[in-house]
Amino acid sequence: MCVYYEIVKLPAYRAVGLKWEGPYSEVSNLKKTIHEMSQRVGELEHAVEPDVQLGLSYHLIPDGFVHYSTFEVNEDQDVPQTMAEIKVPEMTYLKVKHEKGQDIGLTYTEIHRWFKEENEYTPLEEEGTTYYDDLPIKHERYPVDRDLTDPHFEILIPLQKRQV
């Protein structure tokens, strides 16, 4: 499997959408949340890129995670009822493109391998926060019109310089 890696710095942004939190065993409920958010993008009149859905995952609970299914919005956007707001700071990311026809698990295995072999960077862990995954924060950018049975999307893993 050939995976293309790129280091990118992205500016801070604001996102609004649905929040899901739960164990891996209930991830089918997350899929419903993601689908619901894709149907509700029309409620976000100030969406910056209404054709790009964001999946922001934070592994803050044992055997599970917190996920925001969102769209980037500008400051004029109100937060609709039942939705949540998240502000993402400027960060440097490892960017990987997951292509149609590839196994998502293998793509993430390659990302793990990159961090093990790459001596300059480690996944970002915010100070004072406990994480429960080797890749503690995962941001994904999906085209809204993706094929749900064989998706293509970008994976963005916040990273930091390795402490020496």
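This structure is a prediction, so every number in the text was calculated from the model and none was measured. Scope of the values below: all heavy atoms of this structure, side chains included, with no hydrogens, waters or symmetry mates.
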Check: Taking the side chain from R162 and the backbone from Y121, do they hold a donor-acceptor pair closer than 3.5 Å?
Finding: yes

Next item on the list: Report yes or no: does R14 contribute a side-chain atom to a donor-acceptor pair with the main-chain N or O of V73 at less than 3.5 Å?
Entry: no

Item checked: Distance-only side-chain donor-acceptor flag, S69 / Q53, under 3.5 Å -> yes

Note to self: Assess the residue pair Y93 and L10 against the criterion (side-chain contact (heavy atoms from CB on, under 4.5 Å)); give the C-alpha distance rounded to whole Å, side-chain angles, the decisive distance to 0.1 Å, and a yes or no.
What the structure shows: CA-CA 8 Å; Y93 297 88; L10 298 179; 3.7 Å; yes

Next item on the list: For atom NZ of K31, decide whether the heavy atoms of other residues, nucleotides or ligands shown that lie under 6.0 angstrom number more than 12.
Entry: no

Next item on the list: Please confirm whether the backbone N or O of W114 pairs with a side-chain atom of E117, one donor and one acceptor, at under 3.5 Å?
Entry: no

Margin query: If we ignore hydrogens and angles and just use 3.5 Å, is the side chain of T129 paired with the main-chain N or O of E125 as donor and acceptor?
Written below: no

Next item on the list: Could you tell me whether H35 atom NE2 has more than 12 heavy atoms of other residues or ligands within 6.0 Å of it?
Entry: no

Next item on the list: Please answer whether the main-chain N or O of E45 pairs with a side-chain N or O of Q77 as donor and acceptor at a distance below 3.5 Å.
Entry: yes

Next item on the list: Write down the atom of N74, the atom of V48, and the distance for their closest heavy-atom approach.
Entry: N-CG2, 3.9 Å

Margin query: Does this structure show an ion pair linking K32 with E36, if we count only N-O contacts that are shorter than 4.0 Å?
Written below: no

Notebook entry, point to check: Are any of the side-chain heavy atoms of K100 and P151 separated by less than 4.5 Å?
Noted result: no

Next item on the list: Indicate yes or no: does K97 engage E6 in a salt bridge with an N to O separation below 4.0 Å.
Entry: no

Check: In Å and rounded to the nearest 0.5 Å, what is the CG to CD distance from D103 to E110?
Finding: 11.0 Å

Item checked: side-chain contact (heavy atoms from CB on, under 4.5 Å) evaluation trace for M83 with L18 -> CA-CA 5 Å; M83 289 193 194; L18 298 174; 3.9 Å; yes

Next item on the list: With rounding to the nearest 0.5 Å, note down the distance linking CG in D76 to NE2 in H46.
Entry: 5.0 Å

Note to self: Applying the side chain to side chain contact (heavy atoms under 4.5 Å, CB included) criterion to L159, which one of T92, L124, T122, L135 satisfies it?
What the structure shows: T92

Check: In terms of the angle between their ring planes, are H139 and Y58 parallel, tilted or perpendicular, with boundaries placed at 30° and 60°?
Finding: perpendicular

Check: How far apart are the C-alpha atoms of E90 and Y13, what are their side-chain angles, what is the distance that settles it, and do they pass the side-chain hydrogen bond (donor to acceptor under 3.5 Å, both in side chains) test?
Finding: CA-CA 8 Å; E90 176 182 277; Y13 65 92; over 6 Å; no

Item checked: Sub-4.5 Å side-chain heavy-atom contact between V88 and L56 -> yes

